[in-house]
Amino acid sequence: MKKPPSSPSSYFSGRVQRVVYENESSAFYVLKMTLDAEPTSDPDGVGSLLASTATVTGDVPGMRVAPGSWFGFEARWQDDPKYGRQLKITRAPMIRGGWDETVCVRMLAAQGVSEGLIEQFKTTFGSDLANAAGDAARVASVPGVSQFTAEHIATKWRAARAHFQAVEFLGDLGLPAARVRQVWAVFGDEATAVLAQNPWALTQIDGISFRDADLVAARLKLDTTAANPKRVEGAVLFASRSQRGFGHLYVSAQDLLAAARVLDPLFTDRDIASAIRALSAEGLIHLDRVTAPGVSALYEPWSYRLEVESARLVSERRVGARLTPAAEARCVKNLIGEDNPTLGLRAAGTEYLKKICGSSGLTLSDLQSEAVLNALTEPVTLITGLPGTGKTTCLRMACALLREAGVAVLIVAPTGIAAKRVSSVTGAPASTIHRAFGARGVSSEKREATYAGVVGEGEASPKADGSDEVWAFGPDSPHPAEVIIVDESSMVDQHVFYRVLSCTRADARLVFVGDAA
């Protein structure tokens, strides 16, 4: 199919009239904008569009776009077969020609400053308006402006100007649009100041490698030798964060020394040790000598938090996920068909197992029976063993027992294939852990496909956490299931294990089924 023709990129600016769609995490927007008059902006001569609204689509990294926002951008006109004529952003946000009076006026208006006050600013400050607007004392010198109003205007002005300067700086460094928002989220107003002196700080961001940071440093004509302490710190940080990609929660000091020297063989042990101390002092690496005795373990802060929080939640679950007497009595009645205050839940479960084993001709070993009963009564149960040792039988019988007891069960597995298998084995619905707890990953590859189906107002994506995922369930809104069965548990990593713990009720019992490690 032949693509519709498009024009070369040109400069535009304007105010956002309406946000039709946004993917905040990937900085992709579909906007209705009122464009400022730019007589040379449209080589195709569509002058009428310049004084009215236009649909604008694309990435606007590093800024929170909302109705009333003003920004400049480069874009090209294109004819979409379905949505008609629109502007496709090629670079944003940006300011062309510096902070002249016209740009200042538009920015002040976007900040909510009235036309009358803007005219007073123009008269008072003239060509120095860009500098004066960020000085609360000078703004307060304008007749009719209170000190409070002056502080408010100056603060918003400084933030807006710093933001545009930082984003333009990042764009000039050649960073992809998808990374600019991440950089801004980490460094904020200090992005320009920090990265101009230490581009290796970029290694704090997933997707930016040590080599990428070296290229940025070369553009800035900074020292890229092994003697630069900031460069050594960047290498150590990148080497530490890279371990997550191999499934490691931490890296030993010795392994980190070797990994850093792979990035530059001229790094010395002393320089690497100094970098580790500096990064630890900044809170960018966590040095732990307790978790693994005899090992100096270096964690990413996020990985360390996952491990510590998971251990805490498991300990609390083992104490707190005990059945109340009322809940136990309800389960006993469901299993034996009558109230029996003298019969405990484990004894009632044993009677039921004997009954269904007798009717089906199935025989459970003592260990298998204990495992099945534990799933009913214990806060945390592990069902493990080598292939062929009866884990599937235990799982099937545990599900039958829990179902008969009237317990709300959620069955999950780490993969779709594993979920289908456990569902076929137990005869009960099962899903992946991510789907069960409402995880939604942020994918820039999917955004165009998402936009294609947008009609009218879009829905903003909530903010993601350190995993770049959004979870519908969490500590404040746990999943209601009473028992969580996790099949193929040996395939569950630390992050997903943490989600199982943090997305479920504090009194929900846990059953983990999987091969022995």
Side-chain angles (χ1 to χ4, degrees), residues 182 186 198 200-211 213 226 228-318 380 382 384 414 433 465-469 475 486 489-502 510 512 514-517:
Q182 293 175 284
V186 173
N198 179 23
W200 296 282
L202 288 168
T203 55
Q204 296 177 42
I205 298 167
D206 284 340
I208 298 181
S209 71
F210 176 72
R211 298 301 178 198
N228 186 336
K230 292 299 181 185
R231 184 167 181 266
V232 184
E233 289 176 23
V236 169
L237 187 58
F238 178 72
S240 173
R241 291 174 64 85
S242 297
Q243 297 306 304
R244 190 169 42 162
F246 296 104
H248 303 305
L249 283 177
Y250 70 83
V251 58
S252 69
Q254 285 302 116
D255 288 343
L256 188 58
L257 287 171
R261 277 196 293 265
V262 168
L263 297 172
D264 190 331
L266 298 180
F267 289 149
T268 66
D269 287 359
R270 176 178 294 180
D271 289 341
I272 294 173
S274 296
I276 291 172
R277 286 194 295 271
L279 292 168
S280 179
E282 292 180 53
L284 296 174
I285 282 180
H286 183 88
L287 177 59
D288 177 87
R289 294 189 174 93
V290 177
T291 303
V295 176
S296 293
L298 295 159
Y299 288 82
E300 264 193 278
W302 169 247
S303 295
Y304 184 73
R305 178 194 161 199
L306 286 179
E307 187 170 273
V308 171
E309 283 296 295
S310 296
R312 179 184 67 82
L313 290 170
V314 167
S315 296
E316 291 178 354
R317 190 68 60 97
R318 291 180 65 189
V380 180
L382 303 180
T384 188
I433 295 170
D465 62 11
S467 67
D468 290 332
E469 293 172 334
V486 185
S489 297
S490 58
M491 298 169 60
V492 174
D493 65 17
Q494 184 69 56
H495 172 222
V496 176
F497 178 60
Y498 167 75
R499 293 299 181 182
V500 171
L501 295 168
S502 62
L510 301 171
F512 295 99
D515 294 335

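Since this is a predicted model, take the numbers as computed values, not measurements.
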S.K.: Report the distance from atom CD1 of Ile285 to atom OG of Ser240, rounding to the nearest 0.5 Å.
M.R.: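 Ile285 atom CD1 to Ser240 atom OG measures 4.5 Å (nearest 0.5 Å).
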S.K.: Would you call Arg211 and Phe238 a side-chain contact if the rule is heavy atoms closer than 4.5 Å?
M.R.: no
S.K.: Tell me, please, which residues at least two apart from Phe497 pass ring-ring contact (aromatic ring centres under 6.0 Å, His included).
M.R.: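 Applying ring-ring contact (aromatic ring centres under 6.0 Å, His included) to Phe497 gives Phe512.
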S.K.: Check side chain to side chain contact (heavy atoms under 4.5 Å, CB included) between Val262 and all other residues, then give those that pass, not counting sequence neighbours.
M.R.: none
S.K.: Can you list everything that forms a side chain to side chain contact (heavy atoms under 4.5 Å, CB included) with Val308? Sequence neighbours excluded, please.
M.R.: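 If we apply the side chain to side chain contact (heavy atoms under 4.5 Å, CB included) test to Val308, skipping adjacent residues, the hits are Tyr304.
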S.K.: State which residues pass side chain to side chain contact (heavy atoms under 4.5 Å, CB included) with Asn228; sequence neighbours excluded, sorted by chain then number.
M.R.: Trp200, Asp223, Lys230, Arg231
S.K.: Please name all residues satisfying side-chain hydrogen bond (donor to acceptor under 3.5 Å, both in side chains) with Ser315, sequence neighbours left out, ordered by chain then number.
M.R.: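 If we apply the side-chain hydrogen bond (donor to acceptor under 3.5 Å, both in side chains) test to Ser315, skipping adjacent residues, there are no hits.
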S.K.: Just to verify, what does Ala235 make a side chain to side chain contact (heavy atoms under 4.5 Å, CB included) with, not counting sequence neighbours?
M.R.: Phe210, Leu263, Phe267
S.K.: Please identify each residue that fulfils side-chain hydrogen bond (donor to acceptor under 3.5 Å, both in side chains) with Arg318, with sequence neighbours left out.
M.R.: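 Once residues adjacent in sequence are excluded, Arg318 has no partner under the side-chain hydrogen bond (donor to acceptor under 3.5 Å, both in side chains) criterion.
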S.K.: Determine the minimum heavy-atom distance between Val236 and Ala275, stating which atoms define it.
M.R.: CG2-CB, 3.9 Å
S.K.: Does any pair with a residue in residues 269-295 pass salt bridge (charged side-chain N to carboxylate O under 4.0 Å, His left out), and if so which ones, sequence neighbours excluded?
M.R.: Arg261-Asp269
S.K.: For Arg305, give me all partners under salt bridge (Lys or Arg N to Asp or Glu O under 4.0 Å), at least two apart in sequence or on another chain.
M.R.: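 For Arg305 there are no salt bridge (Lys or Arg N to Asp or Glu O under 4.0 Å) partners, ignoring immediate neighbours.
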S.K.: If you look only at distance, which donor and acceptor atoms sit under 3.5 Å apart when one is on a side chain in residues 249-259 and the other is two or more places apart or in another chain?
M.R.:
unit_1: Ser252; atom_1: OG; unit_2: Asp255; atom_2: N; d: 3.1
unit_1: Ser252; atom_1: OG; unit_2: Asp255; atom_2: OD2; d: 3.2

S.K.: Quick check for you: to the nearest 0.5 Å, what is the distance between Arg317 atom CZ and Arg312 atom CZ?
M.R.: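 Between atom CZ of Arg317 and atom CZ of Arg312 there are 10.5 Å.
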S.K.: Hey, what do you get for OG1 (Thr203) to CD1 (Ile208), rounding to the nearest 0.5 Å?
M.R.: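 Rounded to the nearest 0.5 Å, the OG1-CD1 separation comes out at 8.5 Å.
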S.K.: Name all residues meeting the ring-ring contact (aromatic ring centres under 6.0 Å, His included) criterion together with His248; count only those two or more places apart in sequence or in a different chain, and write none if there are none.
M.R.: none
S.K.: Would you name the heavy atoms of Leu284 and Leu237 that are closest together and state the gap between them?
M.R.: O-CD1, 3.8 Å
S.K.: Check Gln243, Gln204, His286, Arg241 against Glu300 for a side-chain contact (heavy atoms from CB on, under 4.5 Å) and give me the one that passes.
M.R.: Arg241
S.K.: Tell me every residue that passes side-chain hydrogen bond (donor to acceptor under 3.5 Å, both in side chains) with Ser303, counting only those two or more places apart in sequence or in another chain.
M.R.: none
S.K.: Can you name the nearest heavy-atom pair linking Leu501 to Leu510, along with the distance?
M.R.: CD2-CD1, 3.5 Å
